Amino acid sequence: MSKRKLNKRQQARIQKQQASHHTSSTSETSSESLSGLSGTIIANHGKTVIVENTERKTFTCHLRQNLETLVCGDKVTWSQESDNTGIVLALHPRTNFLARPDKRGKAKVIAANIDQTLIVSAAKPVLNTRLIDRYLLSAEIAAITPIIVFNKIDLPDEQSMRNFKEQLAIYQSLDYHVVFTCAKHAIDISHLKPVLVNKVSVFVGQSGVGKSSLINAIHPEAVAAVGDISSSTNKGRHTTTLAQLYHLPEGGDLIDSPGIREFGLWKIEIEQAASGFKEFQPFLGTCRFRDCLHEDEPGCNIRAAVENGEINPLRWDSYRRILESLRE
Ligand SMILES: Nc1nc2c(ncn2[C@@H]2O[C@H](COP(=O)(O)OP(=O)(O)O)[C@@H](O)[C@H]2O)c(=O)[nH]1
Ligand SMILES: [Mg+2]
Ligand SMILES: [Zn+2]
């Protein structure tokens with residue numbers, strides 16, 4: 001996998017994030033100090049987790065006391081207790097992780113050791129580019145490669161499809177990879193597959209856009225639960241409550257996740273938000289005031305770039321809305 005170039009800000013942030021994460025996990029033990037097997041977590045069922053060994057055999061495992069919550073993609077040291085059970089002894093350090101806030105606003109990790117996030121949207125429920133901007137921001141901040149997927153291309157007529165394409169063209173112009181798919185008829189899945197091979201990919205996006213359907217279409221042996229959109233509200237039901245990891249026969253893993261609306265964003269400092277907008281980067285640090293938040297400040301070069309057409313006003317608008325929600 002080609003390493004993404006990180007700027008200094010991103011590097012510093014990630015180091016800080018990982019340092020604080022590691023010091024907070026007191027239960028982490030060096031794997032070398034334990035004699036045990038290595039494995040990967042492929043599902044978490046609450047009291048037990050599913051551990052997969054290096055031969056891809058699965059074991060239902062309890063956790064040694066004081067271990068933190070384990071998530072899909074976690075690498076662990078474990079020991080076998082019976083033919084299909086075992087106990088997890090230690091968690092290996094995570095290279096990165098995706099998290100969302102729980103009811104009390106604390107970080108709830110949903111997947112770890114990820115290469116890329118597939119930000120899935122669809123013709124139905126409505127295309128929400130502001131939500132895409134939020135997912136992009138959190139992917140940028142976590143330095144995880146984002147890929148934008150627009151699903152259910154079988155539904156819109158030609159005119160609406162042109163509209164959708166116009167709305168998504170902005171991301172292509174920013175060099176984000178945009179893929180159009182139809183999970184229902186498995187058309188155009190061939191566009192998506194090469195992107196996934198040999199990578200660990202987490203599917204994110206509103207409930208009902210077709211994340212589980214895409215996983216099933218890409219990987220015929222996967223049995224991700226698919227839910228119907230209730231026709232009266234056009235809102236997806238929450239069918240996936242737990243994240244689950246699937247292996248691609250060609251190599252690479254797919255992680256299905258429950259609809260996570262606000263993942264990542266609650267932990268972002270207001271000053272960090274601008275650096276998650278790719279096209280803002282060349283202007284950062286060039287404004288008249290060092291602490292410019294690029295709203296209405298005089299001498300703001302980002303606003304100047306919006307005015308002279310170098311930055312799309314819709315993205316700037318998204319940015320300002322994100323600042324507002326971070327202030328709440
Ligand atoms: N017409 C159409 N429906 C789809 C497509 N992909 C998924 N769906 C339907 O959308 C609904 C929600 O799909 P699901 O995979 O559960 O979405 P998730 O909540 O994002 O995992 C289900 O009724 C699927 O059959 C598609 O490409 N076209
Ligand atoms: Mg689902
Ligand atoms: Zn500015």
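Numbering of ligands and ligand atoms starts at 1, following listing order. All values derive from a computational prediction rather than experimental measurement. Values reported hereafter were calculated over all heavy atoms of this structure, with side chains retained and with hydrogens, waters and symmetry mates removed.
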Polar contact flag, side-chain donor to acceptor under 3.5 angstrom, Asp157-Ser160
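Checked: Asp157/Ser160 side chains pair up, N/O donor to acceptor below 3.5 Å.
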Look at the side chain of [X] and the backbone N and O of [Y], then say whether any donor-acceptor pair between them is shorter than 3.5 Å.
X	Y	value
Asn151	Ala183	yes
Lys124	Lys152	no
Asp256	Gln244	no

Polar atom proximity, Asp256 to ligand 1 (N or O, under 3.5 Å):
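Asp256 vs ligand 1: no N/O contact under 3.5 Å.
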Any idea which part of Val209 is under 4.0 Å from ligand 1, heavy-atom wise: side chain, backbone, both or neither?
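Under 4.0 Å from ligand 1, Val209 contributes backbone and side-chain atoms.
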Can you check whether Leu284 reaches Ser275 side chain to side chain, under 4.5 Å on heavy atoms?
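Of all side-chain heavy-atom pairs linking Ser275 with Leu284, at least one is under 4.5 Å.
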Does the side chain of Thr181 reach to within under 4.5 Å of the side chain of His191, using non-hydrogen atoms?
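Result no, sub-4.5 Å side-chain heavy-atom pair not found.
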Could you tell me which atoms of ligand 1, counted from 1 in the order shown, lie closer than 4.0 angstrom to a heavy atom of [X]?
X	value
Ser207	19 (O)
Leu155	1 (N)
Lys211	15 (O), 17 (O), 18 (P), 19 (O), 20 (O), 21 (O)

Evaluation steps, side chain to side chain contact (heavy atoms under 4.5 Å, CB included), between Ile311 and Phe283
CA-CA 10 Å; Ile311 288 177; Phe283 303 98; 3.9 Å; yes
Vertex the Zn ion (ligand 3), arms to Cys292 SG and Cys300 SG, rounded to 10°
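The SG/SG angle about the Zn ion (ligand 3) sits at 110°.
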Option whose closest heavy atom lies nearest to [atom], chosen from [options]:
atom	options	result
atom 19 (O) of ligand 1	Gly208, Ser213, Ala122, Gly210	Gly208
atom 8 (N) of ligand 1	Gln206, Lys152, Lys124, Lys184	Lys152
atom 27 (O) of ligand 1	Ser121, Pro125, Ala183	Ala183

Of the N, O or S atoms in His294, the one nearest the Zn ion (ligand 3)
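Result for His294 and the Zn ion (ligand 3): ND1.
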Apply side chain to side chain contact (heavy atoms under 4.5 Å, CB included) to the pair Asp74 and Asn44, showing each step before the final yes or no.
CA-CA 11 Å; Asp74 268 334; Asn44 181 335; over 6 Å; no
Ser212 N/O/S atom closer than 2.8 Å to the Mg ion (ligand 2):
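Yes.
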